[in-house]
Amino acid sequence: AVSTEEAAAQSLTEPSQMSTTGTSSPSIILTNGCGISQESHTLGILVGGGPAPGINGIIASATLTALDRGWTVFGIMEGFRYLMEGRTDMCKRLSRSDVSRIHNTGGTVLCTSRANPTKKPEDLQRTLDTLKRAGIDYLITIGGDDTATSSLKLANAAGDALKVCHVPKTIDNDLPLPGDVPTFGYRTAQAVGYDILRNLMADAKSSPPRWYIVVSMGRQAGHLALGMGFSAGAHLTLIPEEWGSKPVTFSAIVDAIEGTVLKRLAIDKPFGVVVLAEGLVEKMLPDEVDRVFDPHHIVSRDEHGHIRLDEVELGGRVRDELRQRFAGRSPRITWVVKNIGYELRCADPIPFDIEYTRILGSGAVRFLAGSGNKAIVTMIGEQLSPIPFQEIINPATGKSATRAVDTDSLLYKVAREFMMRLTTNDLGNSELIGRMAAIAKMTPDEFLARYRDTFAECTTGGDAAMPSTPLRMHAQFDARASTDVPPVSLGNTPVRVRVPVHRVLDMGCASTGGGESGGTVLGVASVGTPVPEK
């Protein structure tokens, strides 16, 4: 027997095209290379929504893991689009050679679309009929909220005829996964964005006076903007979470940028980079959006009469306002707008996301093989952690909750500390205030009165509240008493183990081919890594 990787590598010498679907094989019992008896199934894989780095890793890993179990695998082209049209010819049978070595490439070999089969009952039924004619009884969907909701409705309508699991993706990193687990593709998007910002920084420094206004993807949360800006050393990064429960105002955004630019000019640095999360507009009041971005009501509106955010030119409007404010001041600054988003979505994944997606893809198959259904596949640590759809998706909205940036976290406080912005500490620096006031052509008193609300609180405090060292924390945890945990199923034998309450069970199987239980972990229990009290 050869390993999955060896078999995939061997297939490179025998390239084959994806073949179209036919009737699936009857359900039979097979034995895979690991000696695990498996029932034969037909697996479908599709991608919905926008691309994200690592999708091909999911497709390849799920395909190879399923083929190891003797399953038939079909790649469904362009999401639900052709299923809704009743076309089984767009279900392509996948072989090892079809997915060999695609795990480190960007984009998706199956293509994607935003087609939604659940808007009309006839589309939903036609989709189910197409899956049935293709013989698909297991389905892995890769996508965001909309795709997850469609998958759940499909599974509910199909009953026992179709089992579904969903692998969540978004470069925005705003899905409420357990702990601080990132969504796949986010780290790659951050890395690519970092390179872009670093190049812009060098360009601004090489041709002063020049400032770049960068608008980053991230409608609901500022993770991507903050991650790129912090790592690249952007002089200012503004995200909607900074405003808390208050609405964002356009004047506050421009005031913050103006303060940063004046502070840099006061220390003879006439260049820089500012990063804005596009979600800042999302947090503005509708009247504010209309007033700033569409006073003549010429931009298309949604069914509620609100401006469509994807048509809002946040960077351009900020640039125009800054040009007006700095008119007549010296030096004469060149303002350049750069939108970052689409170039991040299909980048080749970095090693973190390659490893992450290969585990998720294999984990999705293992989940289905263990009779799992209607769940989102994610991980905690190095273990699979499926989340039932109903625990993450609000049935009223069809959306999941948003994971926002925690502005009380050390990450955010350090990021803020390293930004070049007006802070309350500057209020006591009369020399700095005088220089900035002179550049703004104001008196110091006028400057303080004008920008009083722009001086942000410092984030350098709270040092005494830092936690103990890890060794001391672990010693405190180890002093606690042990407690019983519920029985764990080990094969057909219930087992009760006794472990400290602060530890995590690391469950595994002697053979990596097994361990499927639909979310119930099987295997030999061993004490794992201590976890924080929280």
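Under 3.5 Å, the side chains of His166 and Thr141 contain a donor-acceptor pair of N or O atoms. For Asp203 and Tyr212, the side-chain atoms include at least one donor-acceptor pair closer than 3.5 Å.
No more than 12 heavy atoms of other residues, nucleotides or ligands sit less than 6.0 Å from atom CZ of Arg332. Glu343 CD: more than 12 foreign heavy atoms inside a 6.0 Å radius. Annotation for Lys374: atom NZ counts as buried by contact number, over 12 foreign heavy atoms lying within 6.0 Å.
A salt bridge links Arg435 with Glu431; the closest basic N to acidic carboxylate O contact falls under 4.0 Å. Between Arg358 and Glu355, none of the side-chain N atoms (NZ, or NE/NH1/NH2) sits under 4.0 Å from a carboxylate O, so this pair counts as no salt bridge. The pair Asp426-Lys263 meets the salt-bridge criterion, with a side-chain N (NZ, NE, NH1 or NH2) lying under 4.0 Å from an Asp/Glu carboxylate O. Under a 4.0 Å N-O distance rule, the pair Asp320/Arg317 does not qualify as a salt bridge. Remark: Arg219 does not engage Glu278 in a salt bridge, criterion side-chain N to carboxylate O under 4.0 Å. With respect to Glu321 and Arg325, a salt bridge is recorded, a charged nitrogen being found less than 4.0 Å from a carboxylate O. Under the 4.0 Å criterion applied to side-chain N and carboxylate O atoms, Asp408 and Lys413 are not assigned as salt-bridge partners.
For Ser231 (side chain) and Met228 (main-chain N/O), a donor-acceptor pair under 3.5 Å exists by modelled atom type. The closest donor-acceptor contact from the side chain of Ser61 to the backbone of Ser362 lies under 3.5 Å. Of the possible donor and acceptor atoms, none in the side chain of Lys205 sits under 3.5 Å from a partner among the backbone N and O of Arg210. Under the 3.5 Å distance criterion, the side-chain polar atoms of Thr112 are matched with a main-chain donor or acceptor of Val47. Counting only distance, with no hydrogens or angles, the side chain of Asn339 and the backbone of Ser216 share no donor-acceptor pair below 3.5 Å. Asp353 places a side-chain N or O within 3.5 Å of a backbone atom of Thr188 that can act as its donor or acceptor partner. Judged by distance alone, the side chain of His223 and the main-chain N or O of Arg403 form a donor-acceptor pair under 3.5 Å.
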Practice problem: Apply side chain to side chain contact (heavy atoms under 4.5 Å, CB included) to the pair Ile171 and Leu224, showing each step before the final yes or no. | Solution: CA-CA 7 Å; Ile171 64 173; Leu224 184 57; 4.1 Å; yes
Quiz item: Given Thr183 and Lys169, is the side chain to side chain contact (heavy atoms under 4.5 Å, CB included) satisfied, shown in steps?
Solution: CA-CA 6 Å; Thr183 53; Lys169 65 158 178 64; over 6 Å; no
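A perpendicular orientation is assigned to the rings of Phe455 and Phe447, their planes being inclined by more than 60° (bins at 30° and 60°). The aromatic rings of His235 and Phe271 sit perpendicular to each other, their planes meeting at more than 60°, with 30° as the lower class boundary.
Atom-to-atom distance recorded for Met420:CE and Thr260:OG1 is 8.5 Å, nearest 0.5 angstrom. Rounding to the nearest 0.5 Å gives a distance of 7.0 Å between CD1 of Ile213 and CG of Leu276.
Seen from the ring of Phe326, Arg329 counts as a face-on cation partner, given the 6.0 Å and 45° thresholds.
A side-chain contact (heavy atoms from CB on, under 4.5 Å) with Ser150 is found for one member of Asn116, Leu124, Leu46 and no other, namely Asn116.
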